[in-house]
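Structure record follows, encoded as structure tokens.
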Amino acid sequence: MTQASSLVARSLSEFLDAAAVAVPRVLSGIVFLALAYVTVSVVLAVVRRSIDRLYVDDRELIGDLLVTVVAVFLWFGVALTFLKVVGMGEIAASLGTAVGFIALGVSYALSEMIEDTVAGIYLLKDPDFNVGYRVEAKGVTGTVAAIELRKTRIDTDGGDRIVMANREIEPRWTHDVPEVETGSGND
């Protein structure tokens, strides 16, 4: 046997040994992805139904946000687990750590927007703060025209529309409750 044929035989042998190890991992990965797809779909459907009961009508934006956040976390977990199943656990650990640091940096950079969004969720859920109500917040008195996740729009008595960040409104605001007319009942 020549040196070239020996090299080809050894390379072919190593390739077949590597394939014998890789094929079961790839098949396990495919089975895992199929099961993960079904599981994630079921979990997201349950989450969607549960959230739809809580947030109806004009508040469905909150539900969409929550379902998206849950979906991102689930699929990221599936991706990391898939890497582990196919034998790339070190890459999964490195990727998880890197994404954690990136998420920390992004959350710090977007902290005011996140604060507005959380305050917006509280305002949208509050039964005393709705479109059409008269409120006073940060020295502005008027009628709530729109409540969004990050901003609230208030129409003042002077005809101006003021747009305020929800983080400025949520900590301290007052609701003008109209006085209820009371009759003596002796008419």
Side-chain angles (χ1 to χ4, degrees), residues 19 21-133 135 137 144-154 161-173:
V21 170
V23 168
R25 287 182 177 174
V26 170
L27 291 175
S28 296
I30 291 170
V31 169
F32 170 77
L33 285 178
L35 292 173
Y37 176 78
V38 170
T39 303
V40 168
S41 297
V42 169
V43 168
L44 289 177
V46 169
V47 168
R48 166 56 69 198
R49 269 191 234 110
S50 300
I51 289 175
D52 282 347
R53 288 188 200 128
L54 293 173
Y55 300 105
V56 294
D57 301 331
D58 61 334
R59 315 230 179 189
E60 66 188 27
L61 183 61
I62 297 172
D64 292 343
L65 174 70
L66 294 174
V67 169
T68 300
V69 168
V70 169
V72 166
F73 278 104
L74 288 175
W75 283 114
F76 184 69
V78 165
L80 292 181
T81 306
F82 172 76
L83 288 174
K84 181 73 173 163
V85 166
V86 295
M88 299 180 191
E90 295 83 16
I91 293 173
S94 298
L95 185 62
T97 302
V99 168
F101 280 116
I102 291 170
L104 184 62
V106 168
S107 68
Y108 180 73
L110 300 176
S111 61
E112 286 184 354
M113 188 170 82
I114 293 169
E115 191 178 349
D116 284 338
T117 302
V118 170
I121 290 171
Y122 283 120
L123 289 174
L124 284 166
K125 193 79 171 131
D126 194 328
D128 293 324
F129 195 89
N130 286 310
V131 173
Y133 284 27
V135 297
V144 177
I147 308 167
E148 300 166 2
L149 277 180
R150 292 187 45 235
K151 301 173 187 165
T152 296
R153 301 172 194 289
I154 298 174
R161 177 165 282 184
I162 306 296
V163 179
M164 297 178 74
N166 287 334
R167 73 180 179 293
E168 296 175 350
I169 298 172
E170 202 274 328
R172 178 116 175 106
W173 58 273

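As a basis for the values below, the full set of heavy atoms in this structure was taken, side chains included, without hydrogen atoms, waters or symmetry mates. Heads up: numbering here begins at 1 and tracks the sequence. All values reported here derive from a predicted model rather than from experimental measurement.
The structure places CD1 of I114 at 11.0 Å from CD of E112, a figure rounded to the nearest 0.5 Å. We find the NZ-CD distance between K151 and E168 to be 11.5 Å, quoted to the nearest 0.5 Å. Once rounded to the nearest 0.5 Å, the distance linking CD of E115 with OG1 of T117 reads 10.0 Å. Distance check: I169 CD1 to I154 CD1 gives 4.5 Å after rounding to the nearest 0.5 Å. Expressed to the nearest 0.5 Å, how far NZ of K125 lies from CG of L123 amounts to 13.0 Å. Distance check, rounded to the nearest 0.5 Å: CD1 of I30 to CG of L35 gives 12.0 Å.
For the side chain to side chain donor-acceptor pair (under 3.5 Å) test, residues two or more places apart in sequence or in another chain that qualify with R161 are D155.
Scanning both residues, A92 and L83, for their nearest heavy atoms gives CB-CB, 3.8 Å. Nearest heavy atom pair, residue E148 against residue N166, reads O-ND2, 2.9 Å. Of all heavy-atom pairs spanning V144 and N130, the tightest one is CB-O, 3.5 Å.
The number of heavy atoms from other shown groups lying within 6.0 Å of CE (M164) is above 12. Atom CZ of F76 has more than 12 neighbouring heavy atoms from other residues, nucleotides or ligands inside a 6.0 Å radius.
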- Message: Could you walk me through whether F32 and V78 satisfy the side-chain contact (heavy atoms from CB on, under 4.5 Å) test, starting with their C-alpha distance in whole Å, then the side-chain angles of each, then the deciding distance to 0.1 Å, before giving a yes or no?
- Response: CA-CA 9 Å; F32 170 77; V78 165; 4.0 Å; yes
- Would you sort out whether L149 and D116 count as a side-chain contact (heavy atoms from CB on, under 4.5 Å), showing the intermediate values? CA-CA 7 Å; L149 277 180; D116 284 338; over 6 Å; no
- Apply side-chain contact (heavy atoms from CB on, under 4.5 Å) to L80 and L95, showing your working. CA-CA 8 Å; L80 292 181; L95 185 62; 3.9 Å; yes
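Here the rule is side-chain contact (heavy atoms from CB on, under 4.5 Å) with V70, and of V67, L74, V72 only L74 fits it.
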